[in-house]
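Residue numbers begin at 1 in each chain, while the letters A, B, ... track the order of the sequences.
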Amino acid sequence: MRISSTKSGRSAHVHVRADGLRLRAYRKLPHLCVYHVMNLTDVDDRIIAHAAAAGMSIRDYTAKFVQAFFDDCKALSIEAPEHWIRATDHIEEMVKLILRLQQKSFTYPGEGSIYYRIAKFPEYGKLSKIDLTGIQAGARVDNDRYEKESVRDFALWKAPKPGEHFWETAIGPGRPGWHIECSAMAMKYLGETLDIHTGGIDLAFPHHENEIAQSEGATGKLFVRYWLHAEHLLVEGEKMSKSQGNFFTLRDLFAKGYKPSALRFALASVPYRKQLNFTFDGLQQAASSVERLRNFADRLQRGKFPTGQQEGMAARIAKAAEEFDAGLSDDLNTARALAAVFDLVREANIAVDKGGFRQGDVPAVLEFLTTFDKVFAVVEDNDSEKLRTLGYGGAESGPGDEEIDRLVAERNSAKKKRDFATADRIRKELADRGIIIEDAKDGSVRWKRK
RNA sequence: GGCGCGGUAGCCAAGUGGCAAGGCAAUGGUCUGCAAAGCCAUUAUCGGCGGUUCGAUUCCGCCUCGCGCCUCCA
């Protein structure tokens with residue numbers, strides 16, 4: 001399976017919702033090999049202009065955005081693709097592709113720029129089902145700086161602007177148009193036909209439509225077998241925008257104390273084709289859901305159960321794995337996959353409560369949870385560690401392990417003496433510092449960070 | 001205006017022509033020294049109106065509401 005994805009410097013949620021689902025690690029089917037290439041668009045009009053204004057090279061100017069993007073990906077446990085590549089490293093490939101299009105008369109020049117002639121590609125619009133016949137030339141040409149045969153035609157190569165960075169190439173000086181990079185780079189790393197291309201739904205038109213036109217025009221072959229377009233977020237039921245004040249960065253959210261796992265769960269639990277309404281209440285709900293899963297995993301790992309296996313449990317676990325698989329196979333229906341997990345959690349909890357659950361059942365359940373976590377990456381608790389390494393706000397400044405262990409021991413001895421006032425005081429103090437203490441039936445005590 | 005997506009319990013959300021998954025929250029119960037965790041119980045005439053059908057939340061039509069794209073914005 002070969003995947004290409006586009007990226008935005010600002011947001012990683014699309015990646016969590018589609019490619020970020022860690023399908024590579026999952027790889028349920030042995031013959032399914034994931035090869036993922038992620039493109040970093042580090043050149044466009046705005047970047048060039050801003051870099052010029054700042055007196056910086058494009059590479060230096062974009063460095064901090066690239067770094068921030070990767071940090072965000074790490075925070076959200078998005079797996080690194082096989083290749084992540086920069087547009088500016090592939091100018092030559094773009095030029096070659098343009099030359100190829102030129103030979104087939106898909107291009108025409110205009111004031112130093114090179115345009116794609118959409119009239120030459122009758123299938124144009126097949127992805128977004130846009131009907132070009134209704135679009136009249138002249139309807140929206142006022143802000144167009146270039147001369148084009150048709151309004152829909154787009155620039156493959158743009159003439160240099162005074163004072164701004166440009167490349168000296170076989171097709172003349174200038175810089176690439178927005179769309180050409182994706183076609184050129186995808187083809188270089190993935191071949192002329194890719195299996196999956198992901199991106200935000202907003203990019204379907206015109207960006208992906210133009211990619212198809214360029215690629216298929218040049219090769220005469222199908223460019224992409226499956227497009228995965230992720231729907232956008234709403235925030236508290238409204239469109240996210242800076243002016244509305246409902247635009248949050250990951251850093252903002254972590255600084256408010258939300259955990260990476262909660263955010264990841266919130267984003268991943270809603271199937272990618274569905275518009276996700278991001279709310280703080282929803283984040284809280286996601287955190288609670290993650291908590292339930294972690295409690296369950298913990299219960300299995302710490303618990304001491306009678307030896308042997310419960311009759312039917314192995315089959316029950318296998319069924320959960322099957323349903324989980326079926327959910328993901330159903331166009332990444334994560335909601336369905338999650339239901340399979342929670343069903344098993346509930347049933348296994350019942351078995352544990354009733355005493356039927358056996359030690360021999362533990363490995364299979366844990367193995368299932370591990371498989372689940374390869375995709376969802378929320379059960380393993382590395383929230384604090386992530387925030388710390390990435391230097392994001394919100395990392396705990398609470399008590400250290402030794403101090404906690406000491407206080408827990410202190411509370412235990414108070415409890416043994418039936419000095420509940422002291423025991424409860426210690427528990428309350430720790431609770432105020434974000435540590436939850438739980439007593440188990442068998443007298444053992446566990447603690448966890450909230 | 002054109003094209004597209006969606007309206008399912010307090011919240012998030014799956015799904016199917018035939019008794020409506022799952023999660024969160026709430027309330028009551030169980031357990032507990034008290035808690036927590038877990039478990040049990042309770043909570044939906046599936047946006048509205050028509051049509052097709054023995055039967056529709058699921059199919060069709062109309063309406064309504066929300067969102068997106070058609071402006072190099074994920």
A.B. asks: Checking ring pair (Phe, Tyr, Trp, His ring centres under 6.0 Å) against F154(A), which of F121(A), W178(A), Y116(A) comes through?
C.D. replies: Y116(A)
A.B. asks: Between A41(B) and C24(B), how far apart are the two P atoms, rounded to whole Å?
C.D. replies: 15 Å
A.B. asks: Between the base of A74(B) and the ring of H232(A) - centre-to-centre under 5.5 Å, planes within under 30° - is that a stack?
C.D. replies: yes
A.B. asks: Taking for each residue the nucleotide of RNA chain B with the nearest heavy atom, is it G282(A) or D44(A) whose nucleotide lies nearer the 5' end?
C.D. replies: G282(A)
A.B. asks: Nucleotide by nucleotide, 5' to 3', does protein get under 4.0 Å of the base (B), only the sugar-phosphate (S), or neither (-) in nucleotides 38-44 of chain B, counting heavy atoms?
C.D. replies: BSS----
A.B. asks: Report which part of the nucleic acid F420(A) touches: base, sugar-phosphate, or nothing (heavy-atom distance under 4.0 Å, all strands).
C.D. replies: base
A.B. asks: Are K126(A) and E123(A) ion-paired here, with the side-chain N under 4.0 Å from a carboxylate O?
C.D. replies: yes
A.B. asks: Under 3.5 Å between N/O atoms: give me all the protein pairs with nucleotides 64-67 of chain B, atom names plus distance.
C.D. replies:
from	atom 1	to	atom 2	distance (Å)
C67(B)	O2'	Q275(A)	NE2	2.3

A.B. asks: If I pick the C1' atom on A26(B) and the same atom on G61(B), what distance separates them, to the nearest angstrom?
C.D. replies: 41 Å
A.B. asks: Suppose you measure atom C1' in U58(B) against the same atom in A44(B); what distance do you get, rounded to whole Å?
C.D. replies: 16 Å
A.B. asks: Look at D383(A) together with R294(A) and state whether they make a salt bridge at an N to O cut-off of under 4.0 Å.
C.D. replies: yes
A.B. asks: Taking the P atom in each of U57(B) and G18(B), what is the distance between them to the nearest angstrom?
C.D. replies: 11 Å
A.B. asks: Is a donor from one side chain sitting under 3.5 angstrom from an acceptor on the other, for D42(A) and Y61(A)?
C.D. replies: no
A.B. asks: Take atom P in G1(B) and the same atom in G15(B), then report the distance between them in whole Å.
C.D. replies: 31 Å
A.B. asks: For C60(B) and U52(B), measure between their P atoms and round to the nearest Å.
C.D. replies: 15 Å
A.B. asks: Output the rounded distance in Å from CZ (F205(A)) to P (G2(B)).
C.D. replies: 17 Å
A.B. asks: Side chains of L234(A) and L276(A): closer than 4.5 Å at any heavy-atom pair?
C.D. replies: no
A.B. asks: Using the P atom in both, what is the distance from G22(B) to C39(B), to the nearest Å?
C.D. replies: 12 Å
A.B. asks: Could one point to a donor on the side chain of R273(A) or the base of C5(B) with an acceptor on the other under 3.5 Å away?
C.D. replies: no
A.B. asks: Is it the case that more than 12 heavy atoms not belonging to R418(A) sit under 6.0 Å from its CZ atom?
C.D. replies: no
A.B. asks: Base, sugar-phosphate, or nothing: which does R411(A) touch, judged by heavy atoms less than 4.0 Å apart?
C.D. replies: base
A.B. asks: Quick one: does D343(A)'s side chain have a donor or acceptor within less than 3.5 Å of a partner on A340(A)'s backbone?
C.D. replies: no
A.B. asks: I'd like to know if D331(A) pairs up with R273(A) as an ion pair, taking the criterion as any Lys NZ or Arg NE/NH1/NH2 lying under 4.0 Å from an Asp or Glu carboxylate oxygen.
C.D. replies: yes
A.B. asks: Hey, are D89(A) and R59(A) close enough for a salt bridge, meaning a charged N less than 4.0 Å from a carboxylate O?
C.D. replies: yes
A.B. asks: Base, sugar-phosphate, or nothing for D298(A), non-hydrogen atoms under 4.0 angstrom?
C.D. replies: nothing
A.B. asks: Specify whether F278(A) and F280(A) have parallel, tilted or perpendicular ring planes, treating 30° as the upper limit for parallel and 60° as the lower limit for perpendicular.
C.D. replies: perpendicular
A.B. asks: Taking the P atom of each, how far is C59(B) from U16(B), in whole Å?
C.D. replies: 9 Å
